[in-house]
Each structure stands twice: as C-alpha cells, then as structure tokens.
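Written out below as structure tokens is the structure these notes cover.
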Amino acid sequence: MRFGLAILPEHPWSAAEAMWREAEAMGFDHAWTFDHITWAGLPETPWFGAVPTLAAAAAVTSRIKLGTFVSSPNNHHPVQFLREVLALDDISSGRFLLGIGSGGDLDSRITGEELALKDRVARFHEFTHLLDRLLSEERVSAAGRFYGARDVVTLPGPVRSPEGPRASAPNRVPLVIAANGPKSIRLAVDKGEGWMTYGGNVDTDEEWWGLVTTLSHAVDQALDAAGRERHTLSRYLNIDSAPTFSLSSVAAFEDAVGRAAELGFTDVITHWPRPAEPYRGVRETLDAVVSDVLPRWR
C-alpha cells in the first residue's frame with residue numbers, strides 16, 4: 001500500500017511550506033492539493049492556485065510525488081494546461097502526478113458557463129483525449145466540440161523514463177483519472193496510469209464502502225473487457241470522502257486502509273487535519289498513524 005496526504009491550498013506559503021516538507025519527512029509516498037477556483041467545501045476560505053503551490057512544493061522537496069487533486073476542464077484548457085504540466089514535471093524532476101476529473105459543480109458555474117452534467121462529462125472526455133495526445137505526441141492538431149488545437153508543438157515533452165508494468169506506454173506524465181460513472185471508468189482504463197475515486201455521497205460508512213466496492217468491481221470488469229492486466233492500473237482511494245474522517249482516530253485510519261486493501265486499492269489518500277470541519281482532527285493522530293500504521297502496511 002502507498003499513502004498520500006492532501007494539503008488544502010488555503011494557507012499562505014509562509015505557513016504551507018513546512019507542511020509540504022513534513023509530508024515528505026513523514027514518509028508519505030505522494031502529496032496532493034486541490035485544483036479549484038473555489039472549493040464548495042470551503043467557499044469563504046482564502047484559496048491559492050494549485051499549479052504555483054505544487055511548483056513551490058517541488059522546490060522544497062526531493063522524493064515525494066506531487067499531484068493535483070484533481071484538475072478539470074472547469075479551469076483549464078488542454079493546450080494551455082500542457083505548458084503548466086510540463087513545467088511542473090520538469091521542476092519536480094519527474095515526480096508530478098496529473099490527477100484529472102470532470103470537476104466540481106461550483107467551479108463549473110463560477111465562470112458564468114452553464115453546462116448540463118452530461119455535457120460536462122463529454123467535455124471531460126474530450127479534455128482527457130486531447131491532453132493525452134498533447135503529452136504523448138510531438139505535434140498536435142484537433143478540432144472538437146469543446147476544444148481545438150492548431151499545430152501545437154509540444155516540446156520539451158516529459159522528463160521521465162518509462163518504468164514499471166506500463167513501461168511500453170507512452171513516455172509521458174502519468175494520468176490519474178477520477179471516475180465513478182461507467183463511461184469515465186472506461187476512459188480511466190483506456191488512458192490512465194491510475195484510477196481515482198471518492199466513492200460517493202451517502203450517510204453511513206457502510207453505505208460508502210458499499211459504493212466503493214461496486215466501483216472497484218466495475219473497474220475490474222472494465223479492465224478485463226479491455227484486455228488490460230489488472231496490476232497495470234494503480235487505484236487511488238480518497239478515504240476521507242467517507243462520513244468518518246480517516247484521521248479521527250488511529251483505529252479509523254487502519255480500518256479504512258484494511259478495507260481499501262481488500263478491494264485491491266494500491267494507494268489511499270488522507271488529508272492534513274484541520275482545526276474545524278471539514279477534515280477536523282489533531283496532529284497527534286497524524287503522527288501516530290505515521291509512526292504506528294504506515295510501516296505495517298509497507
């Protein structure tokens with residue numbers, strides 16, 4: 001099992017820098033930040049951009065992987081975003097994980113654009129296909145319903161070398177695709193190095209784990225249908241989308257990790273505890289998880 005820590009971009013860098021350094025020092029495998037214009041969970045809270053935050057985090061760390069949690073068409077155009085992705089991959093020396101999804105409801109309206117849910121999903125699929133091409137090909141032209149690209153030269157390209165079970169895949173920044181619906185799950189299987197899910201919105205933990213179980217089985221079926229080996233897709237679970245915050249206690253965290261492992265997840269992501277909701281918790285629990293739980297699952 002690999003472990004991730006999400007750090008909300010609500011703090012000025014003078015305060016946030018230490019958190020990113022500590023995430024690496026504590027031994028987390030990856031660290032993430034939210035990529036929103038405004039996050040509906042904290043709509044009145046100060047908020048900073050994900051891309052400059054991750055660039056700064058890359059400059060003060062050396063090992064931990066860094067990711068967007070998640071980027072979306074709500075605030076990015078694939079051609080423009082390509083340059084930011086390549087810069088982050090370069091600054092981090094190939095440690096960048098590109099988490100992408102269809103995006104939140106608030107962000108989908110905040111720029112004045114109103115799209116039905118099915119159109120937002122269609123836009124996300126087009127976004128992903130074009131971004132995949134931009135990250136994989138030397139020159140790209142495209143004309144779609146939502147996006148266009150006119151003879152885009154994609155240099156400098158990725159800074160990493162292929163490794164692991166998908167070494168034959170295009171040498172590009174890995175895509176971690178957030179997906180819950182069947183079409184988007186197929187997209188993750190087709191284009192992603194990783195699949196990510198938050199499960200869904202329900203009232204009880206048991207209901208939530210039921211949703212996660214169903215989604216995990218759907219990914220298995222999609223992989224089998226596509227003829228792709230199951231071990232070639234990393235699986236990321238946002239365990240803090242359950243009604244119980246995973247760092248409410250050491251026992252809650254270990255229970256969540258155990259359930260995730262049984263369902264075949266390779267990675268779990270928790271959140272830096274905050275003094276108030278959401279993710280209300282205490283630093284002592286995080287420290288105990290780092291010292292007592294993480295080593296047993298590696």
Side-chain angles (χ1 to χ4, degrees), residues 4-13 16 19-20 23 28 30-43 45-59 61 64-92 95-111 113 115 120-121 123-128 130-132 134-135 146-147 173-180 184 187-188 191-198 236-238 240-241 267 269-272 274 278-279:
L5 184 64
I7 301 171
L8 300 188
E10 59 180 323
H11 308 283
W13 186 247
M19 299 169 74
W20 290 91
F28 281 93
H30 32 77
W32 308 75
T33 200
F34 288 18
D35 188 5
H36 292 276
I37 302 170
T38 300
W39 182 45
L42 290 168
T45 294
W47 205 253
F48 296 92
V51 171
T53 295
L54 290 176
T61 57
I64 195 169
K65 293 185 178 180
L66 305 168
T68 51
F69 197 55
V70 294
S71 300
S72 82
N74 287 335
N75 53 331
H76 297 288
H77 186 291
V79 174
Q80 159 267 325
F81 196 35
L82 166 72
R83 298 305 178 199
E84 297 182 347
V85 168
L86 293 177
L88 282 175
D89 202 46
D90 177 56
I91 294 166
S92 67
R95 291 183 285 133
F96 181 51
L97 297 171
L98 179 51
I100 57 174
S102 59
D105 294 338
L106 178 58
D107 269 2
S108 72
R109 302 187 303 269
I110 206 165
T111 59
E113 185 177 37
L115 287 177
R120 287 169 52 197
V121 172
R123 182 181 63 171
F124 170 58
H125 282 234
E126 188 176 313
F127 174 90
T128 302
L130 180 52
L131 191 57
D132 175 64
L134 290 163
L135 291 168
F146 300 98
Y147 301 111
V173 176
L175 296 180
V176 179
I177 300 177
N180 278 9
S184 293
L187 179 69
K191 295 297 182 183
E193 280 68 47
W195 163 65
M196 179 184 292
T197 184
Y198 74 98
Y236 296 77
L237 179 62
N238 176 3
D240 292 336
S241 291
D267 299 73
I269 301 171
T270 188
H271 291 68
W272 193 288
R274 302 178 68 253
Y279 315 126

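Owing to the predicted nature of the structure, the values given are computational and were not obtained by experimental measurement.
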key: Under 3.5 Å: donor-acceptor pair, side chain of S71, backbone of I100   = no
key: Closest non-hydrogen atom pair, A58 against I91   = CB-CG2, 3.8 Å
N238 to S241 - nearest heavy-atom pair and separation = ND2-OG, 3.0 Å
task = Would you mind reporting whether W47 and F34 have side-chain heavy atoms less than 4.5 Å apart?
result = yes
Any W272 side-chain heavy atom under 4.5 Å of H11 side chain = no
ask   = If you measure from CD on Q80 to CG on N75, what distance do you get to the nearest 0.5 Å?
value = 8.5 Å
ask   = So do H36 and L106 actually touch side chain to side chain, heavy atoms under 4.5 Å?
value = no
request  = With rounding to the nearest 0.5 Å, note down the distance linking CD in E84 to CG in L98.
outcome  = 11.0 Å
remark   = Rounded to the nearest 0.5 Å, the CG atom of L97 sits from the NE2 atom of H30 at a distance of 7.0 Å
request  = Compare every heavy atom of S184 with every heavy atom of V121, then report the nearest pair and how far apart it is.
outcome  = CG1-OG, 4.1 Å
message = Contact between Y198 and V70 at the side-chain level, heavy atoms closer than 4.5 Å - yes or no?
response = no
request  = For W20 and A31, work out which heavy atoms get closest and say how close.
outcome  = CZ3-CB, 3.5 Å
inquiry  = Show the nearest heavy-atom pair for residues F127 and P78, with the distance to one decimal.
reply    = CD1-CG, 3.5 Å
query = Is the backbone of I64 close enough, under 3.5 Å, to the side chain of R95 for a donor and an acceptor to pair up by distance?
reply = yes
inquiry  = Is the shortest side-chain heavy-atom distance between L237 and I269 below 4.5 Å?
reply    = no
ask   = Is D107 reaching over with its side chain to a backbone N or O of T38, donor-acceptor style, under 3.5 angstrom?
value = yes
inquiry  = I'd like to know if the side chain of R274 and the backbone of P278 have a donor-acceptor N/O pair within less than 3.5 Å.
reply    = yes
query = side-chain contact (heavy atoms from CB on, under 4.5 Å) between H76 and D35: does it pass, once the steps are laid out?
reply = CA-CA 10 Å; H76 297 288; D35 188 5; 2.7 Å; yes
query = Would you call T270 and Y279 a side-chain contact if the rule is heavy atoms closer than 4.5 Å?
reply = no
inquiry  = Do L135 and L86 have side chains that approach each other closer than 4.5 Å (heavy atoms only, starting at C-beta)?
reply    = yes
key: Backbone N/O of L175 and side chain of E193: donor-acceptor pair under 3.5 Å   = yes
request  = Nearest 0.5 Å please: distance from the CZ atom of R109 over to the CZ atom of R120.
outcome  = 8.0 Å
note = In M196, K65, H271, the residue satisfying side chain to side chain contact (heavy atoms under 4.5 Å, CB included) with W32 is M196
inquiry  = Determine whether a donor-acceptor pair (N or O, by modelled atom type, separation under 3.5 Å) exists between the side chain of T33 and the backbone of I7.
reply    = yes
key: Nearest heavy atoms of W195 and A179, plus distance in Å   = NE1-O, 2.8 Å
query = Counting only N and O atoms by type, is there a donor-acceptor contact under 3.5 Å from the side chain of S92 to the main-chain atoms of L88?
reply = yes
inquiry  = Within the structure provided, determine whether S108 and L115 are in side-chain contact (heavy-atom separation under 4.5 Å).
reply    = no
key: Atom pair CG/CZ of L5 and F28 - distance to nearest 0.5 Å   = 4.5 Å
